[in-house]
Amino acid sequence: MIEPKWQRYWDVNKTFRCPELPDPNGAGKLYVLDMFPYPSGAGLHVGHPEGYTATDIYCRYWRMRGKSVLHPMGYDAFGLPAEEYAIRTNTPPRKSTEANIANFTRQLKMLGFSYDWDRVLATTDVEYFRWTQWIFLVLFDTWYDPETKKGRPISELPIPQEVQARGDDAVERYRDSQRLAYQDDALVNWCPALGTVLANEEVIDGRSERGDHPVQRIPLRQWMLRITAYADRLLGDLDSLDWPAGIKKLQADWIGRSSGAEVDFPVIDPASFAQWKQSRSASGFPRELKRPDGEEHVLRIYTTRPDTLYGATYMVIAPEHPLVKTITTPEQMRSVEAYCEAAAFKSDRDRTEGDKKKTGVFTGAYAINPVTGLPIPIWIADYVLISYGTGAIMAVPAHDTRDYEFAKTYGLSIVQVVRPDSATDEELNAIERGEVCFAGYGISIQSGSLTGLASQDAKTRIIAELTKYGLGREAVNYKLRDWLFSRQRFWGEPFPILHELDADGKPNGRIRAVSPSDLPVDLPHLEDFKPHGRPEPPLAKADDSWLYVTLDGKRYRRETNTMPQWAGSCWYYLRFISPRADGAFVDREQEAAWMPVDLYIGGAEHAVLHLLYARFWHKVLYDRGYVSHTEPFQKLVNQGMILSYAFRDQRGALISSDQVIEQEDGEVRHRETGEPLEKIVAKMSKSLKNVIDPEGVVQEYGADSLRLYEMFMGPLEATKPWSMQGVNGVRNFLDRVWRLIIDSRAEENLLVDSISDAPPTPDQNRVIHLTTQAVTRDIEALSFNTAIARLMEFVNFFTKETVRPRSAMETLVLLLSPLAPHLAEELWQALGHSESLAYHPWPAYDEALTKLSEIEVPLQINGKLRAKVVVPAGCAEADLEHAARNHDRLQELLGGKSIVKVIVVKDRMVNFVVK
RNA sequence: GCCAAAGUGGCGGAAUGGCAGACGCGCUGGACUCAAAAUCCAGUGCCCGCAAGGGCGUGUGGGUUCGACUCCCACCUUUGGUACCA
């Protein structure tokens, strides 16, 4: 078994240990990162080795090219599955997590990845999350200055006069409200059965994804991170990144910047509108609306289409809007209350999923359209979300599909104010009659001073007018929300936060950060961390000795929420740089030397959450001067998903693969019914019994075969199906490489007789240089499938050669070594080397030697291939044309036709255009 | 609905606008063998033809070009993602 031998060798010799700083005499630094795995009990699946092999090849290649390579691995080990498993088996999560990590490490080493194992870390290591907590304190100690567009220390926060006047307590509260980490009452998905809040993604149709338990929306005081402050920078800096365009777009859409205007609609008697307008004209547009009081109410809306303001025929506010209670008329109160109550029960997802039938209820109240002066009805509908914009909209049914649908349902009036630039009369009539909704840009009509303007110009114009009369202003909105950062779970990082208690032992609302010198705040030992059905975190059940702290004569209770799983993965790439650093989360000098990550490979499922969260933390750390770059991951590549074959019967039902018989003619039938089945490609799943276990593949075919197959399947970024026959194919190739060099009849590794010290023949030399060139280019481009194909061609060629120069075989072994390192090391040794080839210089190639002296050039007539002519390589175009014209076959075909034009491409082709 | 990626032999897939199908799987034939496996050699897009050769071929329809898998337009299909964001 040569694989364990070399794995031991690399381990014992620490072959892939990375220096603290890049070698100043080397070819530069390279930081290559894998998305570290969640160590589940199931072990590695075939998707892990795909990305990990790709990065491993890249690293091994660049080491041979002389770069200092940082290539670490770790574990993202906090999280709900571990906790659930712990509850089921009644074992502490730390114990099962450690066992899973040990298993993952064993499996990863079995695949021969060239990680620097001295740098391994887990987010659950106390010494790791000590610094996760420390970074949280940085967030807590930072406010975002919109002037400089930077995060700054909270001590530099200017305190407004009126706050200062109200005393220290008010100042403290004001500071707390401006921090990047702050507490807020948020509506959360609370699942009593699971005893935790759930992310929106974990709730389906009002029930939990796990266990199918009911989920309620309840307000809970939660920790939030002010990621919205960084929305503009997170969006703008995407430009500088070498990421797939699709992922950038996904992030941009997630941030969801839109621009438009805010407009105020007064809820008053039409008779007093003129007076209101005049007072607004004088006072200007108020920065913030006063809390609802007295007679005069104002609805502020946000719109991206202020140019359609004249077409606003009604308004809609969210059921949670603060004005619901105050403006609803007594007659409507009952139905409004019923509607709002029903809406409260639904989650955001519920409200937006399923059938999109619009529902709503009339408040009985009217607002004045500030440009037409006409009263328009105010409705409540759950298609308006309180969490976006101002929670209220102006409805323009003629030019917004949602408003249109709503208006049609409730018989509200539709007024057209935009005419399409180009449309048939029929279409124009249909819009005019309100039979269709036109949501595009065009020319404003029936819109006062805007009439005749193109939509974009109308926007600019109306915003100017609104601003002038104090009715509105230009505004920007984001879909991105602040990040709900706390969880009611045991298995996560405790917050380094203390709540001050009053004399009765109740929190008085003042909070205090744990001093950095008192970190880490370790998890307490809990006998019972099971959910109890109340939204109190499990840590509340900790011993008093953990829970209560006395500092400076004051009593405090620890924060009992824990951080979400994302926390640890937000900065692990920094810890890898100096994993044992004691005085800081990362060593400054080393950070500056290794960052940014030059290549980051992982699945596309992290396109938004992890990659956005990590960028956010990095920018805060940058603003506070702790890291030297604005972005962490310079180049990102998403590996494609590996699928597996599955079977479907005539009704379309999926059939478990152990129920299937494949016949010799390729037909597949059901084992019991004999029914013919369709072979399809599907995600691997337990129920389909089509899961491929990488460990089993290693046992049967070897790690090099698994690595090579996963790279040979197709382009790294493509989704592709697994085929065991394909694994066998690459295994055959590796065997052929072995037999090319090693005499398999002998017991020991003796070289085959045909290997000689003779120099390569010109033909052989051409193959050597051509292959070196192609493999070099392909590995650098992460095009491993074609690199392997080129090596196969090399082997096919030399298998036929009866004299195989040693130098050619050495080149082959070196070119193969990043892809199939175990076999390559063994062959390298057999070829007489005592050192590992891991740092042996990569073979060089001479482009001149890759060229043939004579080439065959295709001859076309009217673009159709008709003949070929052999000419010296690089021969002049005139000579090439001459050779083509003199070609017998071509002359025959050209006979009697007049040549209109001849296109000659040097070394490529000649095309005769004839009539 | 919207967004993204992709449609090439029996299958996975190759092809800076210039010989479509590299490489692998599968299949067919041959060598070796008592036989089988393994291995090696040859062939393998489809159609017509004994052959030489010819015709047709990269989802569909159009376009640009001397020349299109590749560029442009429209459409169809598949796979991901997303969902009332005003």
Side-chain angles (χ1 to χ4, degrees), chain A residues 244-247 249-250 253-254 256-258 260 301-305 308 316 348-349 351-354 356-358 381-385 387-396 399-403 405-406 439 477-481 604-605 607-608 638 640-641 643 645 664-666 679 681-683 708-709 712-715 717-730 732-733 735-736 739 744 774 783 785-793 795-796 799-800 856-868 900-905 907-914:
Chain A
I247 300 294
K249 191 168 183 317
L250 228 53
D253 288 350
W254 186 267
R257 184 185 202 274
S258 72
I301 62 98
Y302 169 73
T303 178
T304 53
R305 292 295 300 272
T308 62
V316 185
D348 260 1
R349 184 162 273 235
R351 275 161 63 165
T352 57
E353 245 184 31
K356 300 237 188 65
K357 277 236 174 73
K358 302 272 181 295
D382 63 8
Y383 80 89
V384 172
L385 307 173
S387 48
Y388 184 77
T390 59
I393 62 157
M394 67 173 197
V396 185
H399 306 294
D400 180 285
T401 51
R402 295 151 303 176
D403 298 344
E405 203 188 309
F406 192 79
N477 247 304
Y478 298 93
K479 285 195 217 174
L480 185 69
R481 309 287 151 78
E605 68 273 18
V608 273
N638 288 125
M641 209 188 321
L643 306 177
Y645 288 107
E664 286 191 6
D665 57 2
K679 192 171 178 180
V681 166
K683 276 190 196 175
L708 209 61
Y709 174 63
F712 189 57
M713 288 171 85
E717 300 185 66
T719 302
K720 42 211 178 271
W722 186 275
S723 149
M724 273 306 175
Q725 285 174 335
V727 185
N728 204 44
V730 294
N732 278 342
F733 163 67
D735 287 345
R736 277 159 64 81
R739 285 195 301 270
S744 50
S783 177
N785 54 332
T786 50
I788 294 165
R790 301 318 283 265
L791 289 168
M792 286 172 169
E793 287 177 290
V795 171
N796 290 343
T799 298
K800 295 194 183 81
E856 206 179 32
V857 174
L859 307 178
Q860 302 179 342
I861 297 175
N862 287 344
K864 279 197 191 289
L865 176 70
R866 290 301 173 190
K868 288 175 184 176
V900 180
K901 197 174 171 187
V902 182
I903 288 113
V904 182
V905 182
D907 287 353
R908 299 310 290 244
M909 47 75 61
V910 182
N911 187 15
F912 293 91
V913 186
V914 302

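Residue numbering restarts at 1 for every chain, and letters A, B, ... go by the order of the sequence lines.
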Exercise. Kindly give the heavy-atom pair with the smallest separation between A:Leu643 and A:Ala682, and that separation in Å.
Key: CB-O, 3.3 Å
Quiz item: Is NZ or CZ of A:Lys358 both nearer than 6.0 Å to the six-membered ring centre of A:Phe406 and within 45° of the ring axis?
Solution: no
Exercise. Find the partner of B:C19: check Watson-Crick (N1-N3 plus N6-O4 or O6-N4) and G-U wobble (N1-O2, O6-N3) distances, both under 3.5 Å, and reply none if neither fits.
Key: none
Practice problem: Just call it for A:Asn732: base, sugar-phosphate, or nothing, with non-hydrogen atoms closer than 4.0 Å on any strand. | Solution: sugar-phosphate
Quiz item: Across the strands shown, which category fits A:Tyr645 at heavy-atom distances under 4.0 angstrom: base, sugar-phosphate, nothing?
Solution: sugar-phosphate
Quiz item: Under the 3.5 Å rule, do the base of B:C19 and the side chain of A:Lys868 count as making a donor-acceptor pair?
Solution: yes
Quiz item: Are A:Tyr388 and A:Ile393 close enough that some pair of their side-chain heavy atoms sits under 4.5 Å apart?
Solution: no
Quiz item: Looking across every strand, which nucleic acid part, if any, lies under 4.0 Å from A:Met909 by heavy atom: base, sugar-phosphate, or nothing?
Solution: base
Quiz item: Mind checking the P distance from B:A15 to B:G80? Whole angstroms is fine.
Solution: 25 Å
Quiz item: With both distances kept under 3.5 Å, what pairs with B:C71, Watson-Crick or G-U wobble?
Solution: B:G63
Exercise. Identify which nucleotide among B:C56, B:A14, B:A86 has an atom closest to any side-chain atom of A:Pro715, counting heavy atoms from C-beta outward.
Key: B:A14
Self-check item: Inter-nucleotide C1' distance (B:G61, B:C11), Å rounded
Solution: 29 Å
Practice problem: Answer yes or no: does a side-chain N or O of A:Asn796 lie under 4.0 Å from OP1 or OP2 of B:G24? | Solution: yes
Practice problem: Remember a base hit wins even if backbone is also touched, and classify A:Gly256 as base, sugar-phosphate or nothing at under 4.0 Å, heavy atoms. | Solution: nothing
Practice problem: Would you mind classifying the nucleic acid contact of A:Gln860 as base, sugar-phosphate or nothing, using non-hydrogen atoms under 4.0 angstrom? | Solution: base
Quiz item: Can you find a side chain N or O atom of A:Thr786 that sits less than 4.0 Å from OP1 or OP2 on B:C23?
Solution: no
Self-check item: Under 4.0 angstrom between A:Arg739 side-chain N/O and B:C40 OP1 or OP2
Solution: yes
Exercise. Scan every strand shown for a Watson-Crick or G-U wobble partner of B:C11, both distances under 3.5 Å, and answer none if you come up empty.
Key: B:G24
Quiz item: With a 4.0 Å cut-off on heavy atoms, is A:Glu856 in touch with a base, just the backbone sugar-phosphate, or nothing at all?
Solution: base
Quiz item: In the structure shown, which nucleotide is the Watson-Crick or G-U wobble counterpart of B:C2, with both distances under 3.5 Å?
Solution: B:G81
Quiz item: From A:Lys720 NZ over to A:Met641 CE, what is the distance, rounded to the nearest 0.5 angstrom?
Solution: 10.5 Å
Quiz item: Does A:Arg736 place a side-chain N or O at less than 4.0 Å from the phosphate oxygens OP1/OP2 of B:C40?
Solution: yes
Quiz item: With sugar-phosphate meaning primed atoms plus P, OP1 and OP2, does A:Ser723 contact a base, only sugar-phosphate, or nothing at under 4.0 Å between heavy atoms?
Solution: nothing
Quiz item: Looking for any heavy atom pair under 4.0 Å, which part of the strands does A:Ser258 touch: base, sugar-phosphate only, or nothing?
Solution: sugar-phosphate
Quiz item: What is the base-pairing partner of B:A35, counting Watson-Crick and G-U wobble geometry with both distances under 3.5 Å?
Solution: none
Self-check item: Non-neighbouring partners of A:Lys249 that pass salt bridge (Lys or Arg N to Asp or Glu O under 4.0 Å), sequence neighbours left out
Solution: A:Asp253
Quiz item: Quick one: is B:C3 close enough that its OP1 or OP2 comes under 4.0 Å of any side-chain N or O from A:Lys249?
Solution: no
Exercise. Look at all strands and tell whether A:Asn728 reaches a base, only sugar-phosphate, or nothing, counting heavy atoms closer than 4.0 Å.
Key: nothing
Practice problem: Could you give the distance separating B:G62 and B:C56 at their P atoms, to the nearest angstrom? | Solution: 16 Å
Practice problem: Answer with base, sugar-phosphate or nothing: what part of the nucleic acid does A:Arg257 contact at a heavy-atom distance below 4.0 Å? | Solution: nothing
Practice problem: Check the chi torsion on B:G9 and let me know: syn if it falls within 90° of 0, anti if not. | Solution: syn
